[in-house]
Amino acid sequence: MSSWLDEVKWDDKGLVPVIAQEQGTGDVLMFAWMNREALALTAERGQAVYFSRSRHKLWHKGEESGHFQQVHAIRMDCDNDVVLLTITQLGHEPGIACHTGRHSCFFQKLENGVWSATEPVLKDPSKIYE
């Protein structure tokens, strides 16, 4: 049963990078890390579970914010060292994936040597984590 997990090329800390992509739009919503347990739980539950490197623990996306990620597909790249989740972002319409209250974590764009926010805050972050 765990043989599919053995095919993943985990880094020296037992982690693999993960990209969450929105099913309907194709938007890349976030980047995170998973350890073996997080990937197994994600496949089992059909909801994204990541590994927080700063807190050194599993992080079920949405457990605090209510912004869960329903997983439709789990893919791996040709080198077996990056995972791509196709997800639907739940809990707010439009979906909020970023802790800043934005749809995507990739809201900054380099323009003329300056990083500019290109997406609006959909919900005040202080109200997300009350």
Side-chain angles (χ1 to χ4, degrees):
M1 180 169 153
S2 64
S3 64
W4 64 272
L5 289 166
D6 294 335
E7 295 181 44
V8 177
K9 289 185 183 170
W10 306 98
D11 72 8
D12 59 348
K13 294 180 179 137
L15 301 175
V16 65
V18 181
I19 299 165
Q21 183 177 33
E22 190 170 44
Q23 180 177 13
T25 65
D27 290 349
V28 174
L29 299 184
M30 58 178 281
F31 168 87
W33 296 91
M34 285 185 179
N35 63 8
R36 187 179 185 96
E37 183 181 6
L39 185 53
L41 285 170
T42 296
E44 178 184 313
R45 294 179 180 176
Q47 285 195 343
V49 178
Y50 299 105
F51 182 80
S52 171
R53 294 183 306 160
S54 60
R55 293 177 278 171
H56 305 286
K57 68 175 194 166
L58 293 179
W59 156 46
H60 182 188
K61 176 71 172 158
E63 66 190 351
E64 293 178 17
S65 66
H67 301 151
F68 296 96
Q69 291 179 342
Q70 178 185 349
V71 176
H72 302 287
I74 301 173
R75 297 179 182 267
M76 188 163 55
D77 76 332
C78 58
D79 294 321
N80 292 9
D81 62 359
V82 178
V83 171
L84 174 67
L85 301 180
T86 305
I87 61 105
T88 296
Q89 187 67 52
L90 305 172
H92 187 275
E93 189 56 44
I96 295 174
C98 186
H99 74 280
T100 66
R102 291 178 172 88
H103 179 61
S104 170
C105 293
F106 296 95
F107 62 87
Q108 299 179 85
K109 182 178 180 184
L110 184 62
E111 298 177 311
N112 300 318
V114 177
W115 291 106
S116 301
T118 59
E119 288 191 28
V121 173
L122 301 173
K123 187 171 183 181
D124 181 341
S126 66
K127 296 194 180 352
I128 293 174
Y129 301 100
E130 291 181 325

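Along the sequence shown, residues carry numbers from 1.
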ask   = Backbone N or O of Val28 within a donor-acceptor pair of the Ser104 side chain at under 3.5 Å?
value = yes

note = Residues Cys98 and Phe107: closest non-hydrogen pair is SG-CE2, 4.1 Å

message = A quick test of your reading: do over 12 heavy atoms of other residues, nucleotides or ligands sit less than 6.0 Å from NE2 of His72?
response = yes

request  = Run through Gln89, Lys61, Gln47 and flag the one making a side chain to side chain donor-acceptor pair (under 3.5 Å) with Gln69.
outcome  = Gln89

ask   = Should Leu85 and Val8 be counted in the same cluster of Ile, Leu, Val, Met, Phe, Trp and Tyr side chains packed under 4.5 Å apart?
value = yes

ask   = Is the number of heavy atoms from other residues, nucleotides or ligands under 6.0 Å of Arg75 CZ greater than 12?
value = no

request  = Would you kindly confirm whether Leu39 and Leu29 end up in one hydrophobic cluster when ILVMFWY residues are joined by side chain heavy atoms under 4.5 Å apart?
outcome  = yes

message = Among Ile74, Val71, Thr42, exactly one meets side chain to side chain contact (heavy atoms under 4.5 Å, CB included) together with Ile87. Which residue is that?
response = Val71

Any Val114 side-chain heavy atom under 4.5 Å of Gln108 side chain = no

ask   = Roughly how far, to the nearest 0.5 Å, is the CD atom of Gln23 from the CD atom of Gln21?
value = 10.0 Å

ask   = Any donor-acceptor pair under 3.5 Å linking the side chain of His103 with the backbone of Gly95?
value = yes

query = Quick check: does any side chain N or O of Asn80 sit under 3.5 Å from a backbone N or O of Glu7, one acting as donor and the other as acceptor?
reply = yes

query = If Ile, Leu, Val, Met, Phe, Trp and Tyr residues are connected whenever their side-chain heavy atoms lie under 4.5 Å apart, and connections chain through other members, are Val16 and Trp4 in the same group?
reply = yes

note = Nearest heavy-atom contact between Cys105 and Ala97 is SG-O, 4.3 Å

query = Can you name the nearest heavy-atom pair linking Phe31 to Pro17, along with the distance?
reply = CE1-CB, 3.3 Å

inquiry  = If hydrophobic clusters are built from ILVMFWY residues whose side chains come within less than 4.5 Å, do Leu15 and Leu41 share one?
reply    = yes

ask   = Between Trp10 and Met34, which heavy-atom pair has the shortest distance, and what is it?
value = CZ3-O, 3.6 Å

task = Tell me whether Ile19 is reachable from Val49 by hopping between hydrophobic residues (I, L, V, M, F, W, Y) whose side-chain heavy atoms are closer than 4.5 Å.
result = yes

key: From Phe68 atom CZ to Glu63 atom CD, the distance as rounded to the nearest 0.5 Å   = 8.0 Å

ask   = For the atom pair CD (Glu119) and NZ (Lys109), what is the distance rounded to the nearest 0.5 Å?
value = 11.5 Å

Atom pair CG/CG of Leu5 and Asn35 - distance to nearest 0.5 Å = 10.0 Å

query = Are any side-chain N or O atoms of Ser52 and backbone N or O atoms of Leu58, one a donor and one an acceptor, separated by less than 3.5 Å?
reply = no

task = Work out which heavy atom in Ile128 is nearest to a heavy atom in Gly101; give both atom names and the distance.
result = CD1-CA, 3.7 Å

remark   = In short, Ala48 meets His60 closest at the heavy-atom pair O-CD2, 3.3 Å

ask   = Has the side chain of Asp77 got a donor or acceptor atom that lies under 3.5 Å from a matching backbone atom of Val82?
value = yes

task = Check the pair Arg36 / Asp6 against side-chain contact (heavy atoms from CB on, under 4.5 Å), numbers first and verdict last.
result = CA-CA 9 Å; Arg36 187 179 185 96; Asp6 294 335; 2.6 Å; yes

message = Please report whether the ring centroid of Trp33 lies less than 6.0 Å from that of Phe51.
response = no

request  = Using the six-membered ring wherever Trp is involved, compare the ring planes of Tyr50 and Trp59 and label them parallel, tilted or perpendicular (cut-offs 30° and 60°).
outcome  = tilted

